[in-house]
S.K.: 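Pasting a structure here, questions to come.
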Amino acid sequence: WGDSIVDDEIDYIDHGNELALLFVPSKDAGGTKGRVYVVEVFLEEEDEETNQQEDKSRTNLPTDVNALLDAMAKVCSAFREAKSLSVAAADIKSKQENGGSGIMLLQWTDLDAEARALNHRRLLGEDIATSEHDKLITERKKKRRDEENLWAWDDWLTEVKAKLKQPQQQQQDGIDNPVLHCILEAPIPPWEVELCRALEQDFEVSTAADCIRCLSEDSSESELDAYDPSADGFGSYVDYVYRRLMDNKDHNGCHDVHCVDSRDLGCEHACVAESLHRDWMDLLQPNEKEQLLAPSNHAHHKDGRWLPDWEHNPEEAELDRLRNDGVLKEQKEEEDENLATKQSTSVHDELITYPSFEGFFGQNTDILYYAPHCKVTYGPFLGQCVTSLETFREFFKRMFLGGTVDSALSVLDLSESKRSYLHVRSPIMKVWNIDKGDYEWHKRNDEEHDLTFPMFPIKCFLKARDSSPPRTWSSQLFHSLQEDGDSDLGDLANAAREWVLNDCEKQCVDPKHADDEIGGGEWFLAYLREVHRDIYDDIDHTDATALLHKSSVVGEASMKKHKIGDVNIPSCKEGFAKIVEELPRLSSAGIGGKPVLGRSIEVMAKIMIDIFMSSLVDFSTALKIAQVIAKEPSDKVCIVVYMGSVHTRAISDFYCGALGFKKKTFLGQQNWPDEEARILHLPPELWNLQQLFK
């Protein structure tokens, strides 16, 4: 009942505040009935002057209201000081039985007192170091390991690795122990890439087209998501594992840890391991590094930070021109926030985003799955510069599956008239003022989501280290297997490429029914949100995979039966045709003009891109496994792959299907019930890897 009150009644709460239900029992009902209030709880720093003002402000309040406020304060204190929810509840019950007021404050929060305290500090705006968070995880893992013999995955990996002798010791003892490698669905480390600056030096990107500037303001995301006790703001478990493994790198990187997710390559926000900050900085030229660490009055700045010339966005310069001309509508609060941002300091201030083709397309996944309220448009780029699904397939193949960057760019229309469509979001927002009958210039509010790669990179981008001619990271991986001299490796690389392209083709024909049956559903959910918003808002859409298989769902508010089984996603070819058909009709001129692509068309653009970019992770993993085996002199190679279940199933299908590897053991479940703990009972051979090869 309390959850339903929160879901139905709360539209917004201030950042850092917490939700609670206040129960005030009726005197004539023996404490069993009463009134319930939805309460917003917050903490403020107290000083003598503030207390005097509060005391004075309360003198005009009725006595019973003051008593209620005092009772609330006491109950708040009880919850804050209690070791756990059960202790607080027992204490309150004891006070009730001994003649207490019976007033209870029920907080919507984590039952874990330690996690609750950490999350409360985060919500209040404190910048909590990842080292503190990781130390807490490490201590809690050790406690469970010592008391319950429960091992976290990373501790198991460390344990089995420690049991294996180092190559030098193996040679001395004459023992051929297995060699252990780990593959993570995590960002590519900096030592595997470098900046390419010389491919298209004379290329000039123009300012954004009106259909990009006319995108509406970001819609509000669910305010409750930020206060979900399960969201601690520190990312996922794999981020913790990534930080831990990267801390063990040497001057050559990590030779036995391999990261294969290039979709956020170069993104400063993806650099969750502080041990890599210096390595990313080393990609800059010495003069660039000096200017970044010591900001000067250089022309190119963003949020008070210096940016190199290749990071310059012409839309930022146009925004400054509009501001200087006095035609930019900018709220005073926004100006104050901008000033505060410029004055703030953080360990991430010295980081910088490096342009990459992977990041430009890969950020689409984050928007589609986790930030659909963020307004980004890929449709104009696809319709004007790519022009057809067949061309995009060829571009993707050349750019990411073995070709060169130059050959991939050659299939696009990058003529001067099309360069305004290389943007997917602009800091400038062109807004129609219905009263004035004209457009106004506004600064887009990027507070909710600052897009990392707002435009297609050409003049400067990340490429695979030492690749010549320039290739992307995954293309160089393919090329290295082709050039290895072993025909089997070349055949495997070709098989992986055909496997990925065939899989993309199936999903493009029918995105709904060709999606992963166990872990899919995100494309269908995104399509429902954009095209059938009435259904999306009415139903429980927390389980995308379940919706994928249901024929009908009863609305939570309307109680109406929605036949979602009859809702299908058009093919990507149909979606692309709609983009090409509608783009010439766009117009920002006057009343009735349609300046942006429709929601149904834009979501199809995002689904199509995600189909290809998701498969890129599978392609890279398949090839990385082959590369590891090819480089290892030992015949006993054990590769542990830690990825999402959709990707691990895909890799299993490729190696056990297309290549004929034998499946031996399956542990755990494909689809875990929500209430069941994810505990695996490992057989002896997974504690002693030598037994795997007997």
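In this text the structure is predicted, and so the values were computed from the model without any measurement. For this chain, numbers begin at 1 and follow the sequence in order.
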S.K.: Should Arg243 and Asp154 count as an ion pair when the cut-off is N to O under 4.0 Å?
M.R.: no
S.K.: Using modelled atom types only, decide if a donor and an acceptor are shared between the side chain of Ser474 and the backbone of Phe400 within a distance under 3.5 Å.
M.R.: yes
S.K.: Charged N to carboxylate O below 4.0 Å: is that the case for Lys573 and Glu505?
M.R.: no
S.K.: Donor-acceptor pair, distance only, cut-off 3.5 Å: does the side chain of Lys463 make one with the backbone of Gln476?
M.R.: no
S.K.: Got Asp256 and Lys161 here, is their nearest side-chain heavy-atom distance under 4.5 Å?
M.R.: yes
S.K.: Quick check: does any side chain N or O of Ser426 sit under 3.5 Å from a backbone N or O of Ala208, one acting as donor and the other as acceptor?
M.R.: no
S.K.: Would Leu692 and Cys638 count as a side-chain contact (heavy atoms from CB on, under 4.5 Å) if you check the C-alpha gap in whole Å, the side-chain angles of each, and the deciding distance to 0.1 Å?
M.R.: CA-CA 9 Å; Leu692 284 173; Cys638 182; 4.1 Å; yes
S.K.: Just wondering, more than 12 heavy atoms not from Glu581 lying within 6.0 Å of its CD?
M.R.: yes
S.K.: What's the verdict on ring-ring contact (aromatic ring centres under 6.0 Å, His included) for Phe361 and Phe612, showing C-alpha distance, side-chain angles and the deciding distance?
M.R.: CA-CA 9 Å; Phe361 292 108; Phe612 283 87; 9.9 Å; no
S.K.: What are the two closest non-hydrogen atoms of Leu680 and Leu667, and how far apart are they?
M.R.: CD2-C, 4.1 Å
S.K.: Identify the heavy atoms of Met604 and Ser571 that sit nearest to each other, and give their distance.
M.R.: CE-O, 3.7 Å
S.K.: Using the side chain to side chain donor-acceptor pair (under 3.5 Å) rule, take Ser415 and Asp413 through it: C-alpha gap first, then chi angles, then the decisive distance, then the call.
M.R.: CA-CA 6 Å; Ser415 58; Asp413 184 353; 2.8 Å; yes
S.K.: For Glu602, is there an ion pair with Lys606 - N to carboxylate O distance below 4.0 angstrom?
M.R.: yes
S.K.: Looking at Glu268, is its backbone amide N or carbonyl O close enough to the side chain of Thr353 to form a donor-acceptor pair, meaning the two atoms are under 3.5 Å apart?
M.R.: yes
S.K.: Is a donor on one side and an acceptor on the other found under 3.5 Å between the side chain of Ser652 and the backbone of Arg649?
M.R.: no
S.K.: Count the heavy atoms of every other residue, nucleotide or ligand shown that sit under 6.0 Å from NZ of Lys578, and state whether that count exceeds 12.
M.R.: no
S.K.: Are side-chain heavy atoms of Leu489 and Ile629 found at a separation under 4.5 Å?
M.R.: no
S.K.: Please tell me if the side chains of Arg425 and Cys374 come closer than 4.5 Å, counting only heavy atoms from C-beta onward.
M.R.: yes
S.K.: What closest approach, in Å, do Gly379 and Leu583 show between heavy atoms, and which atom pair accounts for it?
M.R.: O-CD1, 4.1 Å
S.K.: Do Val193 and Tyr354 touch side chain to side chain, with heavy atoms closer than 4.5 Å?
M.R.: no
S.K.: With a 4.5 Å cut-off on side-chain heavy atoms, are His532 and His562 touching?
M.R.: no
S.K.: Say you draw a straight line from CZ of Arg471 to CG of Leu477; how long is it, rounded to the nearest 0.5 Å?
M.R.: 12.0 Å
S.K.: With rounding to the nearest 0.5 Å, note down the distance linking CD in Glu394 to OG in Ser407.
M.R.: 8.5 Å
S.K.: Please report the shortest heavy-atom distance between Tyr536 and His541, naming the atom on each side.
M.R.: O-ND1, 2.9 Å
S.K.: Please test Phe396 against Leu401 for side-chain contact (heavy atoms from CB on, under 4.5 Å), starting from the C-alpha separation and ending with a verdict.
M.R.: CA-CA 7 Å; Phe396 183 81; Leu401 306 185; 3.8 Å; yes
S.K.: Decide yes or no for Met455 and Glu315: does some side-chain heavy atom of the first lie under 4.5 Å from some side-chain heavy atom of the second?
M.R.: no
S.K.: Are Arg465 and Leu283 close enough that some pair of their side-chain heavy atoms sits under 4.5 Å apart?
M.R.: yes
S.K.: Considering the options Tyr237, Tyr240, Tyr642, which one meets the ring-ring contact (aromatic ring centres under 6.0 Å, His included) requirement together with Trp153?
M.R.: Tyr642
S.K.: State the OH-CG distance between Tyr655 and Leu492, to the nearest 0.5 angstrom.
M.R.: 5.0 Å
S.K.: Would you sort out whether Asn364 and Met608 count as a side-chain contact (heavy atoms from CB on, under 4.5 Å), showing the intermediate values?
M.R.: CA-CA 10 Å; Asn364 171 74; Met608 187 198 75; over 6 Å; no
S.K.: What are the two closest heavy atoms between Trp156 and Leu686, and how far apart are they?
M.R.: NE1-O, 2.8 Å
S.K.: Decide, yes or no, whether a salt bridge links Asp543 with Lys550 under the criterion of side-chain N to carboxylate O below 4.0 Å.
M.R.: no
S.K.: Between the main-chain N or O of Asp466 and the side-chain N or O of Glu194, is there a donor-acceptor pair closer than 3.5 Å?
M.R.: yes
S.K.: Without swapping roles, check the side chain of Ser206 against the backbone of Ser420 for a donor-acceptor pair under 3.5 Å.
M.R.: yes
S.K.: Does any N or O in the side chain of Arg444 come within less than 3.5 Å of the main-chain N or O of Ser216, such that one atom is a donor and the other an acceptor?
M.R.: yes
S.K.: Please find the pair of heavy atoms, one from Trp499 and one from Ala622, that lie closest to each other, and give the distance.
M.R.: CZ3-CB, 4.5 Å
S.K.: Just how far is it from atom CH2 of Trp310 to atom CD1 of Ile458, taken to the nearest 0.5 Å?
M.R.: 16.0 Å
S.K.: Honestly, is Lys459 close enough over Phe203, meaning NZ or CZ under 6.0 Å from the six-membered ring centre and within 45° of the axis?
M.R.: no
S.K.: Please confirm whether the backbone N or O of Val617 pairs with a side-chain atom of Thr621, one donor and one acceptor, at under 3.5 Å?
M.R.: yes
S.K.: Mind checking side chain to side chain donor-acceptor pair (under 3.5 Å) for Ser600 and listing every partner two or more places apart, or none if nothing turns up?
M.R.: none
S.K.: Within the 3.5 Å criterion, strictly below it, is a donor on His181 or Glu632 matched to an acceptor on the partner's side chain?
M.R.: yes
S.K.: Under the 3.5 angstrom rule, does the side chain of Arg678 hit a backbone N or O of Glu676 as a donor-acceptor pair?
M.R.: yes
S.K.: Report yes or no: do Thr542 and Asp540 form a side-chain donor-acceptor pair below 3.5 Å?
M.R.: yes
S.K.: Please check if any side-chain donor atom of Asp279 sits under 3.5 Å from a side-chain acceptor atom of Trp191, or the reverse.
M.R.: no
S.K.: Check step by step if side-chain contact (heavy atoms from CB on, under 4.5 Å) holds for His513 and Ile569.
M.R.: CA-CA 9 Å; His513 297 103; Ile569 305 176; over 6 Å; no
S.K.: So do Leu548 and Lys512 actually touch side chain to side chain, heavy atoms under 4.5 Å?
M.R.: yes
S.K.: So that I know where these two stand, are Tyr378 and Phe360 an aromatic pair - ring centroids less than 6.0 Å apart?
M.R.: yes
S.K.: To the nearest 0.5 Å, what is the distance between CG (Asn494) and CG (Leu481)?
M.R.: 10.0 Å
S.K.: Output the distance between atom CZ (Phe461) and atom SG (Cys196), rounded to the nearest 0.5 Å.
M.R.: 3.5 Å
